[in-house]
2 protein chains.
Amino acid sequence: MSCSQEYTPQLRARGYRMTPQRHAILHVLCHSGKHLSPSEVYVRAQKQVAGLTEATVYRTLEFLAENGLARPSHVGNGRLVYEIANHEHHHIKCRNCGDEMEVEHNLLKSMYQKLESASGYQLTDSHVTFFGLCPDCQKGE
Amino acid sequence: MSCSQEYTPQLRARGYRMTPQRHAILHVLCHSGKHLSPSEVYVRAQKQVAGLTEATVYRTLEFLAENGLARPSHVGNGRLVYEIANHEHHHIKCRNCGDEMEVEHNLLKSMYQKLESASGYQLTDSHVTFFGLCPDCQKGE
DNA sequence: TTCCTTATTGCAAAAAGTTGCAATAACATA
DNA sequence: TATGTTATTGCAACTTTTTGCAATAAGGAA
């Protein structure tokens, strides 16, 4: 309950429906704080909705992402993870130790503008993951 | 032959070996011009090396990426594609029609510096894919 | 050229993710 | 509140990607 409730009108307005499955998945994303893989979402949401399947989790996450309620991101190795889409940010991940931090979008803002004018594209999707070496791992090198 | 030959000493120097499989896969990447999915690489490389398996293609692509000879990129939906790592660039892809263009790295250079000083990270991996609407699809909206 | 070490491959099984389709259940309307 | 439409789910089969392990072969040293 709580957080996920507020999404109901958003879905209805677009002709979609709020279901116990979507409810549970949104709830999981809301209260996780970090991003989760589909199977992590599955394990947690299953406790709230008996009979939930993994296929539904995959479809729901993709659906939520398409509708701007969840943010998918590529964090290494080609696997997607998801988090709730409340504030715009990006990630930097350490190639070595896997440590990760958030980056405010306004650091990238002027670059986005340059990019838009250079390419003619209108940038919609704003999540990017950068890879590098964290301060600790740089010392080790 | 040709292009892929020059990589042999690079691998040897690090204690790795050049094999017919790696040879063929590098050759495919070199002569494709665009990025390819693992299965596309498999289909093409198989013609040069009888008995090549998909597992080997996956492992080889990951290996080449780790050693800086190939560049992996996330082009939508969580699937990885690969291309030969000869010049630094990024991609912008249209969410609507799938059209794609390259972006020169120097457009992002100053942002990379800001990011490094703000985070303390040393950014190593430089490929990013941005998503947006291409000029044509913007008109349609 | 032959031998030896060990990086690399193929195989087969497992894990992760996707898809078609019939059954179910949101929810707008009466 | 009862009803009909159709968005959504579960199921099961399928595709894609990963992994362990024994067999193979690259290439340095004798």
Side-chain angles (χ1 to χ4, degrees), chain A residues 1 4-5 7-28 35-67 69-70 72-82, chain B residues 1 4-5 7-26 28 35-46 48-67 69-70 72-82:
Chain A
M1 52 210 85
S4 58
Q5 207 56 263
Y7 295 117
T8 306
Q10 292 192 51
L11 293 183
R12 296 256 180 91
R14 304 187 201 189
Y16 300 122
R17 297 167 184 178
M18 178 54 81
T19 66
Q21 291 84 349
R22 289 180 179 170
H23 206 87
I25 289 169
L26 280 165
H27 184 79
V28 165
H35 45 217
L36 299 172
S37 69
S39 68
E40 288 169 327
V41 172
Y42 171 66
V43 169
R44 300 185 189 196
Q46 200 186 23
K47 293 171 186 163
Q48 297 173 57
V49 182
L52 179 67
T53 60
E54 288 188 280
T56 296
V57 172
Y58 280 101
R59 276 187 292 217
T60 300
L61 289 171
E62 195 182 341
F63 166 83
L64 294 175
E66 274 170 5
N67 288 279
L69 304 188
S73 55
H74 308 276
V75 177
N77 68 38
R79 296 255 164 98
L80 278 182
V81 294
Y82 292 85
Chain B
M1 49 210 83
S4 58
Q5 208 55 264
Y7 295 118
T8 306
Q10 292 192 50
L11 293 183
R12 296 256 180 91
R14 303 188 202 189
Y16 300 122
R17 297 169 184 177
M18 177 55 81
T19 65
Q21 293 83 352
R22 288 181 180 168
H23 205 86
I25 290 170
L26 279 166
V28 165
H35 44 220
L36 299 172
S37 70
S39 68
E40 287 169 328
V41 172
Y42 171 66
V43 169
R44 300 184 189 197
Q46 201 186 22
Q48 297 172 57
V49 182
L52 180 67
T53 60
E54 288 188 281
T56 296
V57 172
Y58 280 101
R59 275 188 292 216
T60 300
L61 289 171
E62 195 181 342
F63 166 83
L64 295 175
E66 275 170 4
N67 287 280
L69 305 188
S73 56
H74 308 275
V75 177
N77 66 39
R79 296 252 164 102
L80 278 182
V81 294
Y82 292 85

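For clarity, every value in this text was computed on a predicted model and none was experimentally measured. Order of the sequence lines fixes the chain letters, A, B, ..., with proteins taken first and strands second; residue numbering starts at 1 for each chain.
Residue A/T56 places no side-chain N or O under 4.0 Å from the OP1 or OP2 atom of D/dT9. Of the side-chain N and O atoms in B/Q21, none sit less than 4.0 angstrom from OP1 or OP2 of D/dA25.
Scanning atom types as modelled, no donor and acceptor separated by under 3.5 angstrom connect the side chain of B/R22 and the base of C/dT8. A donor N or O paired with an acceptor N or O is found under 3.5 Å between the base of D/dT6 and the side-chain atoms of A/R17.
Per the geometry, CG belonging to B/L61 stands 15 Å off P belonging to D/dT16, to the nearest Å. When rounded to the nearest whole Å, the span between CZ of B/R59 and P of C/dA12 equals 14 Å. If you measure from atom CD of A/E40 to atom P of C/dA15, you get 17 Å, rounded to the nearest angstrom. Note: CD (B/E66) to C1' (D/dT18) measures 14 Å, nearest angstrom. If you measure from atom OH of A/Y58 to atom P of C/dA15, you get 13 Å, rounded to the nearest angstrom. To the nearest angstrom, C1' of D/dT8 lies 18 Å from CD of A/E54. At whole-Å resolution of the value, CD1 in A/I25 and C1' in D/dT8 are 12 Å apart. Atom CE of B/M18 is separated from atom P of D/dA25 by 18 Å (rounded to the nearest Å).
Closest-nucleotide positions on DNA chain C for A/T19 and B/G51 were compared, and the one nearer the 5' end corresponds to B/G51. Along DNA chain D, the nucleotide nearest A/G15 and the nucleotide nearest B/S39 are compared for position; the residue whose nucleotide lies closer to the 5' end is A/G15. A residue-by-residue look at B/A50 and B/R79 shows that B/A50 has its nearest nucleotide of DNA chain C further toward the 5' end.
Listed nucleotides: C/dC27, C/dA16, D/dT18. Nearest to the side chain of B/A55: D/dT18.
In this structure, B/R22 is positioned above the aromatic face of B/F63, its NZ or CZ under 6.0 Å from the six-membered ring centre and within 45° of the axis.
Note on A/L52: only backbone sugar-phosphate atoms sit closer than 4.0 angstrom, heavy atoms only; bases stay farther off.
Residue A/A45 comes nearest to A/I25 through the heavy atom pair CB-CG1, 4.0 Å, listed as atom of the first residue, atom of the second, then distance.
Ring orientation note: the planes of A/H74 and B/H74 are close to parallel, at an angle under 30° on the 30°/60° scale.
Counting only heavy atoms from C-beta outward, the side chains of B/Q48 and B/V28 approach each other to under 4.5 Å.
The main-chain N or O of A/S37 is found under 3.5 Å from a side-chain atom of A/E40 such that the two form a donor-acceptor pair.
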